[in-house]
Amino acid sequence: MITKNLNPSQLEAVLHNNGPLIVFAGAGTGKTKVIVHRIARLLFFDTVPYFILAVTFTNKAAAEIKMRVTNLVPEVKQNVWISTFHSFCTYFLRTEYQKINLNQNFLIYNSYDQKNVIKECLFELNIDENKFKPSTVADKINHAKNNLKTSHVMTIEAKNIGDIFSTTISDIYGLYQKKLSRANALDFGDLVMYTVFMLQEYPMLLEYYQEKYKYVIVDEYQDTNYAQYILIKLISERYKNICVVGDDDQSIYSWRGANISNILNFKNDYPKSKIIKLKQNYRSTPKILSTAYRVIRNNNSRIDKQLWTKNSDDGSVEILKSKNENDEASKIIDFILLNIRHAKYNFSDFAVFYRTNAQSRSFEDAFKRSKVPYIIIGAQKFYDHAEIRDIIAYLKFIHNPKDDIIFKKIVNTPKRGIGKMSIKMLEKIAIDKDISLLEAIPFINNLNKKDVVTSLNFFSQFIKTLLELKDSVCIKEITEKIVAYLGYLKEFKTENTFESQRKIENIKELISAIVDFEKYSSSKLLADYLTHVALMNDTDFIDESNGKVTLMTLHLAKGLEFNSVFICGLEEGLFPIKESILNPEALEEERRLMYVGMTRAKKYLYLCWSAERTIYGKTKRNIPSRFIIESELKNEDSSQYEVGTLVLHPTFGKGKITERIGTGDDLKLIILFENKQEKKILVKIARLKLL
DNA sequence: TAGCCCGGCGTTTTT
DNA sequence: CGCCGGGCTA
């Protein structure tokens, strides 16, 4: 039955009928289970499937909910709308595009495209890239859109403030929007912002969607930004059957617009709302939970909820001190090997978390050297590889050959002698005749640079061929033509390095991903494939972590769990990171990040810090992170009893540690004493001294 | 036009 | 320490 195997709070959330509901779901308390069962319960009590809208942040989460709902209620899977915010908005805009000046086939620009557009804006507006870094400008524009601020509004605001920075940003924003609309493209921020604007502007439309989605469910509500918050508010305004699930203690994305007050103020937004807190944890030991609680309780902006568990209190929580980052890495590897040898653990039971990607290097070196299998998550994503990006850019251009931004990106890729000057000339022609850059190519003939003209004509011919094939041939075949044209496979084969080998594999993977798309997607249109790439680009590490130690940043760890977790670099200035230390709000977010990391552990949790660390070539001495202090662990510092260390035992005398077994209070050492006798010693009772 | 060298810079990342 | 981007040179 749908209500089977639920604890009382979970059951209450699942059975709650109409009206606003907020579920504070602590780490490991069965959040997804509640969402899935709630959807199933609505369906079971005769709610029409297409009345339900469930939104999440990642495709992974959406896919999991969908899968589990399908398992519970197989017959209705297609009709409940479960997707990310961005997928939902894309669907909305492609359906309702006529109301605003939008072309249904709009392309979604990713952050690379976005930066290219911004660079062009800077160039045209004669703004120094060093004073206005494209990434900063992108942040500002995204931030504005997350807060539903158009360039127009921003311009007015900037005039009121009157400083150069704001006016410049608003100028760039204005030109940027013009360029996007000329290219028939929307960025991620536009998707949500335009959806909200349309719903606000057209009451009939709003009413239609309010009637369509009588039940709204939002996952990870603590991560919503203002635009998303308004979107949800609008749609659920009529029936107020809004159910939000989240954990304020796990809000770690304020720097990309998430607003923790959305979850903290829910009860003010919806005065009659039901509040349920899920506090029974099914993941960790009491030790881990109480340690994590001692840390998180230092935050002020939170709603108090102390997790508890019926799990047995085995395992341990320990502090691990190292000399430097290499020592840190090798100590951790020693621990892992020791545990693998003495317990029935697999490498994939272990995870190493760090605050910054730069820290992964020393681990990578050490893991390679020790031959312990490992995987670094998030280092480079599939669609970030240059060769893949190039191919996708060609596909985007085939989709819209009028897109001058993409044109400039691919016209000289691979290098074929078309430089800045030639492009400038093309641009002049294009502006004169009010045509696209591609259309301008035939007019460049009267030039004396023969090579450039030949190259351009060859390029243009190739694009024409593809455009003619576009409607008769599948995406896979077009892609293969592009790959052949780029000459990548040959080039990489001749290079024949480890890296080029990988590139060939990437291209093959892309082709097979396209084959998959054409096989399983309801649409076979290039436009829909490009949407798919823009929105669902997580060719995830799905089962690649099997049999390997997982290394990743703390941000990426949210939602996952491991038997043993090492949180590394717990030093003031690194974690919490130096930029956050003087800002109380940022510091609280660092603490939440720490909390997220700690609550990933099922049995063993190691808090690691290093007295010395070399970052960017500079070596600095460190003091332990305040989070270690706040954890109030007795620093029994068992890590001082390393293999190879010399110790003095009150009865057996001098000896050398040859092996470590167990951890915490159970730590036993095998010691080879001077009389050649080997003994197993329980550290807790033996009064060992270091030599 | 392309390739090389030098200087600046460095938190986290999904859609 | 290593990457990226700008400017200079062949």
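Letters A, B, ... mirror the listed sequences (proteins, then strands); counts begin at 1.
Remark: A:Thr553 is in phosphate contact with B:dT13, judged by side-chain N or O atoms under 4.0 Å from OP1 or OP2. Using a 4.0 Å cut-off, no side-chain N or O of A:Asn146 falls inside it from OP1 or OP2 of B:dT15. The phosphate of B:dT12 (OP1 or OP2) has a side-chain N or O of A:Asn357 nearer than 4.0 angstrom.
Of the listed nucleotides (B:dT1, B:dT15, B:dT13), B:dT15 has the atom at the smallest distance from the side chain of A:Asn59. Of the candidates B:dG10, B:dT13, B:dT12, B:dT12 carries the atom nearest the A:Thr356 side chain, counting heavy atoms from C-beta on.
Looking at A:His532, its side chain never comes within 3.5 Å of a backbone N or O of A:Ser521 through a donor-acceptor pair.
Ring planes of A:Tyr485 and A:Phe459: tilted class, angle from 30 to 60°.
For B:dT12, the base is stacked against the aromatic ring of A:Trp255, per a cut-off of 5.5 Å between centres and 30° between planes.
With A:Arg302 as the partner, the salt bridge (Lys or Arg N to Asp or Glu O under 4.0 Å) test is satisfied by one option alone out of A:Asp249, A:Asp248, A:Asp247: A:Asp249.
Protein chain A contacts DNA chain C from C:dC1 to C:dG6, reading 5' to 3' and using non-hydrogen atoms of the protein with a distance under 4.0 Å.
Nucleic acid contact class of A:Lys133 (heavy atoms, under 4.0 Å, all strands): sugar-phosphate only.
Put simply, CZ on A:Phe353 and CE on A:Met594 are 11.5 Å apart, with the number rounded to the nearest 0.5 Å.
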